[in-house]
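Input: a single structure, listed below in structure tokens.
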Amino acid sequence: MKRCDIAAALASEEPRDEIVIKGWVRTRRDQKGFSFLELNDGSCLANIQAVVDEGSEGFERILEMNTGAAVGVTGALVPSPGKGQKWEIKARRVELIGPADAETYPLQKKRHTDEFLRSIAHLRPRTNKFGAMFRIRSETAFAIHDFFRGRGFINLHAPIITGSDCEGAGDMFRVTTLDLGQPLPKDAVEADFFGKESFLTVSGQLSAEVFALSHSKVYTFGPTFRAENSNTARHAAEFWMVEPEFAFGDLHDNMDLAEDCLKHCITHVRTHCAADVELFAKWVEPTLNAQLDAILARPFTRLPYGEAMEILAKCGKTFEHPVGWGKDLQTEHERYLAEEHFGGPVIVYDYPKEIKAFYMRQNDDGRSVAAMDVLVPRIGEIVGGSQREERLDVLERRIAELGLDPAGYWWYLELRTFGSAPHAGFGLGFERLLMLLTGVTNIRDVLPFPRTPKHLEF
RNA sequence: UCCCCGGUAGCUCAAUCGGCAGAGCGGAUGACUGUUAAUCAUUAGGUUGGGUGUUCGAGUCACCCCCGGGGAGCCA
């Protein structure tokens, strides 16, 4: 007989004479002559309770079925006379599939700290919280694809290994097949696998621009690597990024897309992972539902960078970092705008060109570019994007101004030579979206196996 | 990388001025006829992150190192 997911068993409309459940023991409560065994198989947050009578086949090993053990139960799905669950299993047969020594199994039947669970990342998905987290992560990824597919966007698989050191979004990890334990040969770069310097991607944007100018609407969704020595709760060396790119659109279309995308994901996950999201609302961030409601309730505030700076200058608060035209928006500024002044998501746009990347489209005022960042309470920047410079002469001038080598950008410039068109796009930090959705405050707790400086366990 | 805080039993934490290293949970053993992080009783469990120093005496003070957390910068 086939195994039944616990999620399916608990959703059953009627009793079943014969059902097979397999999973891991969360807790066992022994009574005189029988035991309650609660199993979880990851298919849903809830456990299923099996009642194992001393007459059941396999009962002689019940005392070995400790928390953490893998166990199979065959029996009947019956209405539970006890409180707290609709269905339970009246076991006819129990099987100890894989024991777990109670004395050394690290997970207890009580709350653990996130820090401790990070140190046992191979076992933490067996907890309620991280079990829920990684179901939500999966469903959110689906929501991303669902959103863009519904709008006619093509999913582009951008390369992970790149030869262009001009992606410009941060320090890069070097890729090599050379043995770093040996002295490097002469002409090491030429001798290396690709015959030139190679790196892990820091952005799929340049690839996406190519395909935006062939397929009109594309998005990438894949791993991204930044070798920055960042030690914060919002940065990881390996993370996932969603990067849509579309032709024949401008910065305001870009803002619309970002806003709709965030709202779609929130609604989708709340609908399809309701119990899992509730866990976070109950135990992790008590105001989570109110926050998510507030994001969905109204259009995001949109204001030019210059106005944002004026608000910060006039608000009467003293900031650690200076405020004024040309200064970057610091974390304290972002949080003030999103959390205190507007109390919801804010899209800041038209930044000074000096503090943004070379490829962003110059505005007519001569000093700003068509960039936009979406700032949300608690997280800060969750989306960063821009309309791209599609005018060949303007782009060439900007590259020269910044002292960059145009040779490295030859194909990027050719996109502006042959059939150039206005286009725009953004990067959405997938982990930051998960932090927004769950109220979790550390990026290490939304990644299955987080990579951060000096941390490469598991 | 910079600043701040921390590291004591498997986990979460106490330990007064430098004076016998403790509790809860978890584990083990037993009790209990339907439990819900079951309950009750008994019990085992320690190189106080590592090193050096001060002292009659160091978990406690000083210095160095390792590890963790929070904040900042960089960004998504």
Side-chain angles (χ1 to χ4, degrees), chain A residues 26-38 46-54 63 66-68 78 80-85 88 90 100-120 123 127-128 168-171 202-205 221-243 258 283 319-321 328-335 355-357 373-376 379-385 426-436 441-447 452-455 457:
Chain A
R26 282 298 178 77
T27 179
R28 193 188 75 231
R29 293 179 290 272
D30 295 326
Q31 306 293 314
K32 182 106 181 163
F34 66 103
S35 291
F36 294 106
L37 207 52
E38 277 197 39
N47 305 325
I48 199 162
Q49 169 169 291
V51 184
V52 188
D53 189 86
E54 60 188 346
L63 292 178
N66 298 313
T67 302
V78 299
S80 176
K83 285 179 183 146
Q85 62 277 319
E88 67 182 23
K90 181 99 186 89
D101 178 33
E103 220 165 320
T104 51
Y105 185 65
L107 291 176
Q108 302 177 5
K109 292 180 280 189
K110 65 161 196 174
R111 233 184 84 82
H112 285 293
T113 59
D114 292 334
E115 291 80 13
F116 173 67
L117 291 173
R118 271 174 226 152
S119 73
I120 49 168
L123 296 173
T127 64
N128 284 341
D171 295 335
V202 293
S203 165
Q205 182 194 318
F221 181 19
T224 306
F225 307 88
R226 304 270 169 96
E228 258 121 30
N229 190 14
S230 295
N231 279 291
T232 83
R234 292 173 206 81
H235 291 84
E238 177 181 311
F239 62 100
W240 284 58
M241 190 155 61
V242 182
E243 294 181 286
W283 299 106
F319 294 109
E320 196 179 327
H321 298 274
D328 251 324
L329 275 184
Q330 303 294 337
T331 300
E332 57 177 345
H333 305 143
E334 294 175 354
R335 296 194 63 166
I355 60 173
K356 289 292 180 181
D373 287 347
V374 180
L375 314 177
V376 294
I379 317 285
E381 183 179 344
I382 192 169
V383 167
F426 62 79
L428 163 63
F430 186 64
E431 282 73 20
R432 290 186 182 176
L433 173 58
L434 291 171
M435 291 164 76
L436 181 70
T441 54
N442 197 312
I443 198 168
R444 290 176 269 253
D445 298 328
V446 305
L447 282 154
T452 53
K454 299 280 183 288
H455 290 272
E457 283 292 322

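Chain letters run A, B, ... following the sequence lines, proteins first, then strands; residues in each count from 1.
Considering only heavy atoms from C-beta on, A/K356 comes within 4.5 Å of A/D373 through its side chain.
Here the side chain of A/R226 pairs a donor or acceptor atom with the backbone of A/V202 at under 3.5 angstrom. For A/E332 (side chain) and A/E320 (main-chain N/O), a donor-acceptor pair under 3.5 Å exists by modelled atom type. No donor-acceptor pair closer than 3.5 Å links the side chain of A/E88 to the backbone N or O of A/V51.
Heavy atoms of A/L433 sit nowhere under 4.0 angstrom from any nucleic acid atom. Nucleic acid contact for A/V242: none, since no nucleic acid atom lies under 4.0 Å from a heavy atom of the residue. The residue A/F239 sits close to a base: some heavy atom pair falls under 4.0 Å. Contacts of A/N47 with the nucleic acid, taken as non-hydrogen atoms under 4.0 Å apart, are absent. Residue contacts shown for A/Q49 include a base, since a base heavy atom lies under 4.0 Å away. When heavy atoms are screened at a 4.0 angstrom cut-off, A/E238 is found touching no nucleic acid atom at all. Among the protein residues, A/R26 comes within range of no part of the nucleic acid, since none of its heavy atoms lies under 4.0 Å from any strand. Among the atoms of the strands shown, base atoms are found under 4.0 Å from some heavy atom of A/G82. No engagement by A/R28 is indicated, since no non-hydrogen atom pair under 4.0 Å with the nucleic acid exists. Note on A/P106: nothing from the nucleic acid sits closer than 4.0 angstrom, heavy atoms only.
A sub-4.0 Å separation between OP1 or OP2 of B/rA38 and a side-chain N or O of A/T27 is present. Taking only side-chain nitrogens and oxygens, A/R29 comes nearer than 4.0 Å to OP1 or OP2 of B/rA38. Remark: A/N128 is not in phosphate contact with B/rA37, judged by side-chain N or O atoms under 4.0 Å from OP1 or OP2. OP1 or OP2 of B/rG73 has at least one side-chain nitrogen or oxygen of A/T331 nearer than 4.0 Å. Regarding contacts with the backbone of B/rG73, every side-chain N or O of A/R234 stays at 4.0 angstrom or more from both OP1 and OP2.
In this structure, A/H235 places its NE2 atom 18 Å from C1' of B/rG69, rounding to the nearest Å. Nucleotide B/rG70 holds its C1' atom 14 Å from the CG atom of A/D445, rounded to whole Å. With rounding to whole Å, A/N229 atom CG is found 15 Å from B/rG73 atom P.
Relative to the side chain of A/F116, the nucleotides B/rU12, B/rC74, B/rG34 differ in distance, and B/rU12 lies closest. Here B/rC74 is the nucleotide among B/rC74, B/rG69, B/rU36 with the atom lying nearest to any side-chain atom of A/D328. Here the side chain of A/Q108 is nearest to one of B/rU1, B/rG10, B/rC75, namely B/rG10. Distances were taken from every side-chain heavy atom of A/N231 (C-beta onward) to each of B/rU36, B/rG73, B/rU1; the shortest belongs to B/rU1.
Residue-to-nucleotide contacts include no donor-acceptor pair under 3.5 Å from the side chain of A/S230 to the base of B/rC75. A/H112 contributes no side-chain N or O that forms a donor-acceptor pair with the base of B/rC11 under 3.5 Å. Counting atom types as modelled, A/E115 pairs no side-chain N or O with a base atom of B/rG70 as donor and acceptor under 3.5 Å. The base of B/rU35 is paired with the side chain of A/Q85 by a donor and an acceptor separated by under 3.5 Å.
Under the ring-ring contact (aromatic ring centres under 6.0 Å, His included) criterion, A/H112 pairs with A/F116, not counting sequence neighbours. Looking at residues two or more places apart in sequence or on another chain, you find no side chain to side chain donor-acceptor pair (under 3.5 Å) involving A/T113. Residues satisfying the side chain to side chain donor-acceptor pair (under 3.5 Å) test with A/E38, not counting sequence neighbours, are A/R29, A/N47. With sequence neighbours excluded, the residues forming a ring-ring contact (aromatic ring centres under 6.0 Å, His included) with A/F36 are A/F34, listed by chain and number.
In terms of position on RNA chain B, the residue among A/T441 and A/D373 whose nearest nucleotide sits closer to the 5' end is A/T441.
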TODO: Give RNA chain B the dot-bracket treatment, 5' to 3': Watson-Crick (N1-N3 with N6-O4 or O6-N4) or G-U (N1-O2, O6-N3) under 3.5 Å, [ ] crossing, | other strand.
DONE: (((((((..((((.....[..)))).(((((.......))))).....(((((..]....))))))))))))....
Between the protein and nucleotides 27-33 of chain B, list the N/O to N/O atom pairs that are separated by less than 3.5 angstrom.
{"unit_1": "B/rC32", "atom_1": "OP2", "unit_2": "A/K32", "atom_2": "NZ", "d": "3.2"}

